[in-house]
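Take a look at the structure below.
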Amino acid sequence: MPVAGLVPAPRREQEHADLLVRNAKVFTGDPGRPEVRAVALRDGRIAALGDDHDLAPLVGPDTKVVDALGRRVVPGLNDSHLHVIRGGLNYVLELRWDGVRSLRQALAMLREQAGRTPKGQWIRVVGGWTAEQFAERRMPTVAELNAAAPDTPVFVLHLYQSALMNRAAVRAAGFTRDTPDPRGGQIVRGRDGEPNGVLLAAPGALLLYSTLAKAPVLDEADKRTSTRHFLRELNRFGLTSAVDAAGGFQNFPDDYATVSGLAASGELTLRIAYHLFPQTAGQELADLKRWTETVKPGDGDEWLRLNGAGENLTWAAADFENFSEPRPELAAGYETEFEQAVRLLLENGWGFRLHATYDETIRRDLAVFEKLAAEGLFPGGNRWLFDHAETVSASSLDRIAALGGAVSVQNRMSFQGTAFRDRYGAEAAAHAPPVRAMLDRGLTVAAGTDATRVSSYNPWVALHWLVTGRTVGGTALSPAGNRVDRETALGLYTRGGARLTGEQDVKGSLREGWYGDLAILSDDYLTVPEDAIPGIESVLTVVGGRVVYASAEYEGLDEAVPPLAPAWSPVARFGGYQNGARQAELVAEAVAESERHRRWRVARGSVPDAPPPFVDPCFDH
């Protein structure tokens, strides 16, 4: 551990710091004191801030002293919309293509994993990637999946748009020529009428998720291990808090048992505020009523606490965010049941969050709220917000502000922005969502990812999008007028999330008496070139005064985690997010191979001598 120039002071032990970070460029997030050189922590809270000389007397015989070596320190990041509970239950089963920069490498990973996966198990690539991130600028084909894994079922989820399955997965899922298409989805078939391995969200993703749910699940012990490793992976990027947005196939209380057990034993390394999401259409009101009678927002502690309902309250009120399909028209009359759900929550002191991609949905929801406002229920002291809001209008933002609402935005446009632009035009994409207009109205705005099944959980990819307005493939979407500066973006990822959970007086900034949550960064977020922002990681992450992640010079200072299980887990071989020199070395090779292949096709006359399309046309749904 880098330590220099500090001698323990002869002070009473109770006045000494438990941990001191010195020789740092500390961005506090506190406008009154924006930058210091050192931070002292005691009993899980920040005891003092200042320069190295000021805080030297707080060093005692048992104080851990960390020399930041001049690195940037920031408040711990808070993802305001992350499916962390569901993600943790499945993390060790998934082959993550997050950050992989060539399809060649992605398929090589798949091929190697096929040799490691035991009979009866599936290989799952579930979100966090898009064809635009690959050097080849295309998706894999079903033929490539069959070649890479001829006998092991493979399921590859691509955004909210589609899924690819090899022959073994089609058989394992039980799809035949007689399997009917579910409502809102399509099982694509060949000339012979047999499923060909392509599933389409048309426009809803229920087919994709219900198919994934057919794969084997972990036992309870391995779910616990999986969740601990997923939390550590989030800590790797400086995340110290998250607001869990619940989601489909996440039942309460059963699927919350793992995080509850970890919280009870003091093993959480991420603060989680969670939501409850009715799972079954037709019984949403019954579920909400039962929950309001048995639990209440605020139940729990600073590590795990109930925050409210959502992101769906009733299924009929939810739109779909498949930008490769036309905007869905929600059923007429959904407002009756939706109003009953909102009224029930507000009358029982519950806040809520609402999935709403399009302004057409938001306007209909706001009309219900304004009706209830006439009865005094809005603004009524309960926190509520819209999630996503890519096409929210200026007039809707004014109405949200008048009703005391907030907005949580995610970088889904990093991964789906090109499809959005192609459907709705460059002007619409330039303000999807209109972050700057939200802030100009004084709305509480928080940032997140919506990981893990669409965007990657890497918060620096989201921060890059907020600052640059570019997709992961470099496509420019947002003009300067709808982008924010780096400090503002960081505030959306720290103070913004704290406001959504009512914790704005204890976290989101580094201040004396506040939670001891911080990260020492690998690179200085405030000064590195914009293109380098997605490559930032934490080299040391602290939550509640505990070192929960450490690398580089600090490796070994963090808390131990149990060995990865099962042993064949893709994470055990490849890790999570793919970041670093190993990926960079493969990109040039992939580009060269892709160009050689194109030239070969040109020579045969099978394609014109023109630049290749961004995505194979057969997948441009």
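Basis for what follows: all heavy atoms, side chains included, without hydrogens, waters or symmetry-related copies. Here, residue 1 is the first one in the sequence, and each next residue gets the next number.
Applying the ring pair (Phe, Tyr, Trp, His ring centres under 6.0 Å) criterion to Phe155, with sequence neighbours excluded, gives no partner residue. Remark: His388 engages His81, His355 in a ring pair (Phe, Tyr, Trp, His ring centres under 6.0 Å) (not counting sequence neighbours). Checked against ring pair (Phe, Tyr, Trp, His ring centres under 6.0 Å), Phe415 has no partners two or more places apart in sequence or in another chain. The side-chain contact (heavy atoms from CB on, under 4.5 Å) check on Ala419 picks up Gln161, Phe323, Ser324, with sequence neighbours excluded. With sequence neighbours excluded, the residues forming a side-chain contact (heavy atoms from CB on, under 4.5 Å) with Arg499 are Thr444, Arg495, Gln504, listed by chain and number. For the side-chain contact (heavy atoms from CB on, under 4.5 Å) test, residues two or more places apart in sequence or in another chain that qualify with Arg72 are Lys25, Phe27, Glu35, Val74, Leu521, Asp524, Leu526. The ring pair (Phe, Tyr, Trp, His ring centres under 6.0 Å) search around Tyr577 returns Phe237, not counting sequence neighbours.
Between His158 and Trp129, the ring-plane angle classifies as tilted under the 30° and 60° cut-offs. A tilted orientation is assigned to the rings of Phe230 and Tyr91, their planes being inclined by 30° to 60°.
Among residue pairs with one or both ends in residues 510-519, those qualifying as side chain to side chain donor-acceptor pair (under 3.5 Å) are Arg271-Asp517; sequence neighbours excluded. Under the side chain to side chain donor-acceptor pair (under 3.5 Å) criterion, the residue pairs touching residues 460-473 are Glu132-Thr471, with sequence neighbours excluded. Counting only residues at least two apart or on different chains, the salt bridge (charged side-chain N to carboxylate O under 4.0 Å, His left out) pairs with a member in residues 229-250 are Arg232-Asp558, Glu233-Arg236, Arg236-Glu537. Screening residues 82-96 for salt bridge (charged side-chain N to carboxylate O under 4.0 Å, His left out), with sequence neighbours left out, gives Glu94-Arg96, Arg96-Asp98. Counting only residues at least two apart or on different chains, the salt bridge (charged side-chain N to carboxylate O under 4.0 Å, His left out) pairs with a member in residues 541-552 are Arg546-Glu559.
A side-chain donor from one of Arg224 and Ser265 sits under 3.5 Å from a side-chain acceptor of the other. Checked by atom type, the side-chain pair Thr269/Arg228 shows no donor-acceptor distance below 3.5 Å. If you check the side chains of Asp79 and Thr449, you find a donor sitting under 3.5 Å from an acceptor. Under the 3.5 Å distance criterion, with hydrogens and angles disregarded, a donor-acceptor pair is assigned to the side chains of Asp450 and Tyr160. Between the side chains of Ser80 and Ser408, a donor-acceptor pair is found at a separation under 3.5 Å. Under 3.5 Å, the side chains of Gln113 and Thr117 contain a donor-acceptor pair of N or O atoms.
The aromatic ring centres of Tyr274 and Tyr256 sit less than 6.0 Å apart.
Side-chain atoms of Thr225 never come within 3.5 Å of backbone atoms of Asp222 as a donor-acceptor pair (strictly under, hydrogens ignored). Remark: side-chain polar atoms of Thr488 are not paired, donor with acceptor, to backbone N or O of Val484 under 3.5 angstrom.
Counting heavy atoms from C-beta on, the side chains of Val539 and Arg71 come closer than 4.5 Å.
Atom CD of Glu302 sits in a crowded spot, with more than 12 heavy atoms from other residues, nucleotides or ligands closer than 6.0 Å.
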